[in-house]
Colleague: 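One structure, pasted below without further comment.
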Amino acid sequence: METVRLGRIGTAALKGAIRLSASDDPEAREILQSISGMKSLVVFDFEDASSSVKERIISRLERALEGVELLMEVKDGSDTMQMYGVLSEDGEKISDFIMHSPSDCALICLFGSISTEILSLAEND
């Protein structure tokens, strides 16, 4: 199992790296604008865990996400990515955005706020 955490300094460095590449890339500029309100990021990969541990983690995540608004679910064959978060009243921002892929044993949490435009960028890929 692996966990990667980026706090304010790490996300500022990430935004700086995107900013450097954004001068020549309009899509990178859109991404940078979409994540400007992001404060921290956590990536949890439990693909290498035993089957029983995976089942326990997935079960706990499903219980924790119960009642949280499912914004989108993307399926590709047997793979599923569920996206959760708190949508602003105007529908332009998502706070505390969570992406969970039970089939890939992955969890990604973006704390702060991001633009809903980033979802349309992901859909177009």
Side-chain angles (χ1 to χ4, degrees):
M1 293 188 289
E2 293 181 48
T3 303
V4 175
R5 294 179 187 182
L6 294 177
R8 288 185 186 265
I9 294 171
T11 55
L14 175 64
K15 291 174 191 175
I18 294 171
R19 190 174 292 113
L20 287 174
S21 67
S23 61
D24 298 336
D25 186 354
E27 189 172 306
R29 281 194 300 271
E30 285 182 58
I31 291 170
L32 182 61
Q33 184 176 3
S34 296
I35 65 168
S36 64
M38 185 175 72
K39 295 182 183 352
S40 63
L41 167 76
V42 176
V43 178
F44 178 51
D45 177 2
F46 54 100
E47 187 174 39
D48 295 335
S50 69
S51 296
S52 63
V53 170
K54 285 180 188 178
E55 289 173 18
R56 233 178 15 248
I57 291 170
I58 290 170
S59 174
R60 286 181 182 177
L61 284 171
E62 287 173 352
R63 278 196 315 267
L65 292 170
E66 218 171 84
V68 178
E69 185 175 359
L70 177 65
L71 300 174
M72 182 185 302
E73 184 171 73
V74 179
K75 293 185 179 188
D76 183 18
S78 63
D79 295 334
T80 301
M81 175 68 74
Q82 300 162 335
M83 299 174 203
Y84 299 87
V86 179
L87 193 60
S88 65
E89 287 187 27
D90 62 7
E92 294 194 13
K93 298 264 185 205
I94 302 169
S95 298
D96 301 334
F97 184 61
I98 299 169
M99 294 183 287
H100 176 234
S101 177
S103 57
D104 290 332
C105 300
L107 177 72
I108 301 169
C109 302
L110 303 169
F111 300 104
S113 64
I114 60 171
S115 171
T116 54
E117 289 179 17
I118 202 159
L119 294 178
S120 65
L121 292 173
E123 287 179 319
N124 294 332
D125 288 340

Colleague: Just to verify, what does D96 make a side chain to side chain donor-acceptor pair (under 3.5 Å) with, not counting sequence neighbours?
Modeller: none
Colleague: Who clusters with V68? Use side-chain heavy atoms, under 4.5 angstrom, across I, L, V, M, F, W and Y, and order the result by chain and number.
Modeller: M1, F44, F46, V53, I57, I58, L61, L65, L70, Y84, I98, L107
Colleague: In terms of hydrophobic clusters joined by side-chain contacts under 4.5 Å, are L41 and F111 together?
Modeller: no
Colleague: Sub-3.5 Å donor-acceptor pair from the side chain of S101 to the main-chain atoms of A106, do we have one?
Modeller: no
Colleague: Does T80 have any side-chain contact (heavy atoms from CB on, under 4.5 Å) partners at least two apart in sequence or in another chain, and if so, which?
Modeller: E73, K75, Q82
Colleague: Calculate, to the nearest 0.5 Å, the distance between atoms CD1 and CD1 belonging to I94 and I114 respectively.
Modeller: 5.0 Å
Colleague: What's the spacing between H100 NE2 and I108 CD1 if we round to 0.5 Å?
Modeller: 11.0 Å
Colleague: R5: which residues meet the side-chain contact (heavy atoms from CB on, under 4.5 Å) condition with it, sequence neighbours left out?
Modeller: T3, V42
Colleague: Mind checking side-chain contact (heavy atoms from CB on, under 4.5 Å) for D90 and listing every partner two or more places apart, or none if nothing turns up?
Modeller: S88, E92
Colleague: Measure the spacing between CG of L87 and CZ of F97 and express it to the nearest 0.5 Å.
Modeller: 11.0 Å
Colleague: Under the side-chain contact (heavy atoms from CB on, under 4.5 Å) rule, collect the residues that match up with S95, sequence neighbours excluded.
Modeller: V86, S113
Colleague: Shortest non-hydrogen contact from S40 to T11?
Modeller: CA-CG2, 3.6 Å
Colleague: Would you check, one step at a time, whether the test side-chain contact (heavy atoms from CB on, under 4.5 Å) holds for M81 with D104?
Modeller: CA-CA 9 Å; M81 175 68 74; D104 290 332; 5.6 Å; no
Colleague: Is it true that the side chains of R56 and S52 contain a donor and an acceptor less than 3.5 Å apart?
Modeller: no
